[in-house]
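Shown next, in structure tokens, is the structure this report addresses.
Letters A, B, ... mirror the listed sequences (proteins, then strands); counts begin at 1. The shown structure was predicted, so the numbers you read here are calculated from the model rather than taken from an experiment.
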Protein chains: 2
Amino acid sequence: MAKVVKKIKTNAGYHHGELRETLLKEATLMVNATGTQSLSMRALGESIGVSRTALYHHFKNKNDLLSAIAESGFDTWQGLVDKIISNNDSSEQQILRNYIKGYIEFSTENAFIYELMFGSALWKEQASSESLKNTAYKSFQFHLSLTARWQKSGILNSDVDTLRLAQVTWGTLHGICKLIIDGIYADNKNIDHLVDTIIASQVH
Amino acid sequence: MAKVVKKIKTNAGYHHGELRETLLKEATLMVNATGTQSLSMRALGESIGVSRTALYHHFKNKNDLLSAIAESGFDTWQGLVDKIISNNDSSEQQILRNYIKGYIEFSTENAFIYELMFGSALWKEQASSESLKNTAYKSFQFHLSLTARWQKSGILNSDVDTLRLAQVTWGTLHGICKLIIDGIYADNKNIDHLVDTIIASQVH
DNA sequence: CTAGGTAACTTGACATTGTCAAGATGAATG
DNA sequence: CATTCATCTTGACAATGTCAAGTTACCTAG
């Protein structure tokens, strides 16, 4: 019985066909909505109309699934940052401002994904794949190159070792984002003021 | 049977006597060792020699227990910071340096407790008690007063609003600590160099 | 076109978790 | 001495991640 819908390689039938992508899409939505903690593997499978353990044929375990989500998060971020940087109409200072603002907005608008990308779940204990490590490393390399660029154009202090300075500036961005996301900097709707202060305190 | 050891108000017998404090002590050890995630309420109870649900007569739930641990973490930190600040032999700049170094060391040496104190578990969704909020607020107030002090003595930029500057400087500290703790700034054994860079990039 | 191999999927099962409800205990108070 | 009430225990439930053993159906070799 149930030999209907055979040729159609989409949602119906025993073999789903595009389960991996569907899972990723749905999981990303769920994580964005309620976080990684409350993402249930079983619920995820069933919400797609597949059994509770079907995912394990596409992802080794929950961590593996989260890694994949994080990786696409890095892609999204890289896309945003490329757009910000390639705006040739603006001054260097304006680009720096856009970068800072863009970073904070990305992190707060995708809070749970951001938490995933730069949180302990994937990075502690070497838990993440080589591929993810590379993607993330590229992201930091980009921040590093921007730091060098702004040192050269006199916006950032050029007496300091670039690598170490990049660690500090990224730390500043990351710390502020985390404090906002985690509910400690509660009433910070006005990002612009925050950006002003970051620039005022770090620009040379 | 087993009516022995009646008068002694310590570990033996049906009523433990000092269960709350014992739990707090043991739970703190466990959290410090393996984190809040893997702290099991049942295992905690049984490790102390009490049934798996005995804790629920002293803490409303796991979150409540974690709050108590965090609160004592704030006390520890406040004690450290008091010591650092009250050192009258040092220059203001040296005190700032000690403060930064002390912050990073405290956070990395008590990584899981730090995560608890300033992480989403307790602060998102108003999850923490009024008492904890006050304790934490005092901690930020202290950082704020230090910021004002260093602005006055010309170490930090005094053109910027103190509150906003304090938010940024704390963000820097917090971000760097998180990146170290979470395994992203992997090889950062040399804290001194990091402290140097923080000072170089933020000191006016 | 068919046989069989294999990837994709399901059901059943297990251990672990937080937490509640109902009962047992015993220290303190009248 | 009797009673009350905080303290503690046992039993239970639902949810979770994940494994092992079966089932299904697509694909490819003959």
Checklist entry - In chain order, what residues pass the side chain to side chain contact (heavy atoms under 4.5 Å, CB included) check against R149(B), with sequence neighbours excluded? => result I85(B), E92(B), I95(B), L146(B)

Checklist entry - Nearest of dT11(C), dG18(C), dC9(C) to any side-chain atom of R52(A)? => result dT11(C)

Next on the checklist: Distance check needed: dC8(D) P versus R20(B) CZ, whole Å only.
Outcome noted: 13 Å

Item to check | Listed nucleotide nearest any side-chain atom of Y56(A), set dT10(D), dG17(D), dC9(C) | outcome: dG17(D)

Checklist entry - Between E18(B) (CD) and dC8(D) (C1'), how many Å, whole number? => result 16 Å

Item to check | Test item: M117(B) and N110(B) side chains (from C-beta on) under 4.5 Å apart, heavy atoms | outcome: no

Checklist entry - Are Q202(A) and T169(A) close enough, and set up right, to give a side-chain hydrogen bond (donor to acceptor under 3.5 Å, both in side chains), and what steps lead you there? => result CA-CA 8 Å; Q202(A) 307 232 352; T169(A) 52; 5.7 Å; no

Next on the checklist: Could you tell me if T197(A) and Q167(B) have a donor-acceptor pair between their side chains, going purely by distance under 3.5 Å?
Outcome noted: no

Checklist entry - Between dT10(D) and T53(B), is there an OP1 or OP2 to side-chain N/O distance shorter than 4.0 Å? => result no

Checklist entry - Rounded to whole angstroms, how far apart are CG on L23(B) and C1' on dC8(D)? => result 12 Å

Next on the checklist: By the 4.0 Å heavy-atom rule, please label S51(B) as base, sugar-phosphate, or nothing.
Outcome noted: base

Checklist outcome for this item: In whole angstroms, the gap separating P of dA25(D) from CG of L19(A) amounts to 16 Å

Checklist entry - With sugar-phosphate meaning primed atoms plus P, OP1 and OP2, does L39(A) contact a base, only sugar-phosphate, or nothing at under 4.0 Å between heavy atoms? => result sugar-phosphate

Item to check | Rounded interatomic separation in angstrom, taking CD from E21(A) and P from dA8(C) | outcome: 12 Å

Could you go through residues 74-83 of chain A and list every donor-acceptor pair under 3.5 Å that involves a side-chain atom there, pairing it with any protein atom two or more places apart or in another chain?
| from | atom 1 | to | atom 2 | distance (Å) |
| --- | --- | --- | --- | --- |
| T76(A) | OG1 | S72(A) | O | 3.0 |
| Q78(A) | NE2 | D82(A) | OD1 | 3.3 |

Item to check | Stretch residues 57-67 of chain B: residues that reach within less than 4.0 Å of DNA chain D through a heavy atom | outcome: H57(B), H58(B)

Checklist entry - Within this structure, what is the CD1-to-P distance between I48(B) and dT7(D), rounded to whole angstrom? => result 16 Å

Checklist entry - Rounded to whole angstrom units, what separation is found between the CE atom of M41(A) and the P atom of dT10(C)? => result 14 Å

Checklist entry - What's the CZ-C1' distance between R42(B) and dT16(D), to the nearest Å? => result 13 Å

Item to check | Nearest to side-chain heavy atoms of A54(A), which nucleotide of dG17(D), dT19(C), dT10(C) | outcome: dT10(C)

Item to check | Plane angle bin for Y114(B) and Y103(B) - parallel if under 30°, tilted between 30 and 60°, otherwise perpendicular | outcome: perpendicular

Checklist entry - Would you say a side-chain N or O of S40(A) is under 4.0 Å from OP1 or OP2 of dG17(D)? => result yes

Checklist outcome for this item: ring pair (Phe, Tyr, Trp, His ring centres under 6.0 Å) with F118(A): of W170(A), F140(A), F106(A), F112(A), only one passes, and it is W170(A)

